[in-house]
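One structure is given below, encoded as structure tokens.
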Protein chains: 2
Amino acid sequence: MRLLQLHYFIEVAETENVSQTAKKLHISQPALSRSIRELEQELGVEFFSRNKHSLELNPQGKSFQHNIQKALEMIDSAVIDARRLNELKGAVP
Amino acid sequence: MRLLQLHYFIEVAETENVSQTAKKLHISQPALSRSIRELEQELGVEFFSRNKHSLELNPQGKSFQHNIQKALEMIDSAVIDARRLNELKGAVP
DNA sequence: GGAGCTTACGTCTCTCGTAACGATT
DNA sequence: AATCGTTACGAGAGACGTAAGCTCC
């Protein structure tokens, strides 16, 4: 499970469209399709209902989307907080 | 920023000892040392005070440790929840 | 001198993009 | 016929382990 895969998943979950998301993320369509599929295989969970032509987020996918989105936001905040503390370093007289 | 790097950071932050943590994680000492350093370089923040022989977690490091630990737990929970929903799939008559 | 962190280097795995295919509308 | 998702393959980048160097107790 890679961090980038999780970001990719969030974007695809919002649009339910790989081609469109690939353009937005500036990566190729196959690379994005593979990332999502490998994530599902590794976790042993299918997040999308596939009919060989389109994707639809299922209940597991919706749950995962919600939880992972919060986790990613938390990581972003952790970085921002650390950088802020780093800026203040030595600012106390 | 890799997910594995964050896990490594959490472990090293707890012990403040790379060698010991490397044995526990079953990776080499240099690989672990590099992972931590690369994480710091990428984020532009130093998490440890170094005196060329030992490490000590600084305020930025403590903040990051706390926040990232919660984020990683949230990711774990997200996976568990998704798997649970997957098991229940089709269980409703 | 022993314990600990870092740098150098070769190898190997993995990810990506291009190309080709199958399916659906 | 056109659009969308998936698979195949070659190339490039990245991560790890071994070996070597340097510092502190």
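Side-chain contact between A:Asp81 and A:Leu85 is absent, with no heavy-atom pair separated by less than 4.5 Å. B:Thr15 places none of its side-chain heavy atoms less than 4.5 Å from the side chain of B:Glu11.
We find that CG of A:Asn17 is positioned 17 Å from P of C:dT24, with the value rounded to whole Å. What separates NE2 of B:His7 from P of D:dA15 is a distance of 17 Å, to the nearest Å. Distance, B:Glu16 CD to C:dC5 P: 11 Å, rounded to whole Å. To the nearest angstrom, P of D:dT3 lies 22 Å from CZ of A:Arg50. Counting to the nearest Å, the C1' atom of D:dA15 and the CZ atom of A:Arg2 are 14 Å from each other.
Note on B:Arg50 versus B:Glu40: salt bridge recorded, some NZ/NE/NH1/NH2 to OD/OE distance being below 4.0 Å.
Contact between the side-chain N/O atoms of B:Tyr8 and the OP1/OP2 oxygens of D:dA15 is not found at any separation under 4.0 Å.
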Original post:
Are A:Ile36 and A:Val18 close enough, and set up right, to give a side chain to side chain contact (heavy atoms under 4.5 Å, CB included), and what steps lead you there?
Top reply: CA-CA 9 Å; A:Ile36 301 296; A:Val18 175; 5.7 Å; no

Original post:
side chain to side chain contact (heavy atoms under 4.5 Å, CB included) between A:Gln65 and A:Phe9: does it pass, once the steps are laid out?
Top reply: CA-CA 8 Å; A:Gln65 175 190 23; A:Phe9 167 78; 3.9 Å; yes

Subject >> side chain to side chain contact (heavy atoms under 4.5 Å, CB included) between B:Lys62 and B:His66, worked out >> reply: CA-CA 6 Å; B:Lys62 289 180 182 175; B:His66 182 248; over 6 Å; no

Pairs under 3.5 Å (N/O, protein and nucleotides 23-25 of chain D):
unit_1, atom_1, unit_2, atom_2, d
D:dT23, O2, B:His53, ND1, 3.4

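Across all strands, A:Phe48 comes closer than 4.0 Å to no nucleic acid atom at all (heavy-atom distances).
Formation of a donor-acceptor pair under 3.5 Å by the B:Ser33 side chain with backbone atoms of B:Gln29 is not found in this model.
Looking at residues 25-43 of chain B, you'll see B:Gln29, B:Pro30, B:Ser33, B:Arg37 sit with a heavy atom under 4.0 Å from some atom of DNA chain C.
A donor-acceptor pair shorter than 3.5 Å can be found between the side chains of B:Ser35 and B:Arg2.
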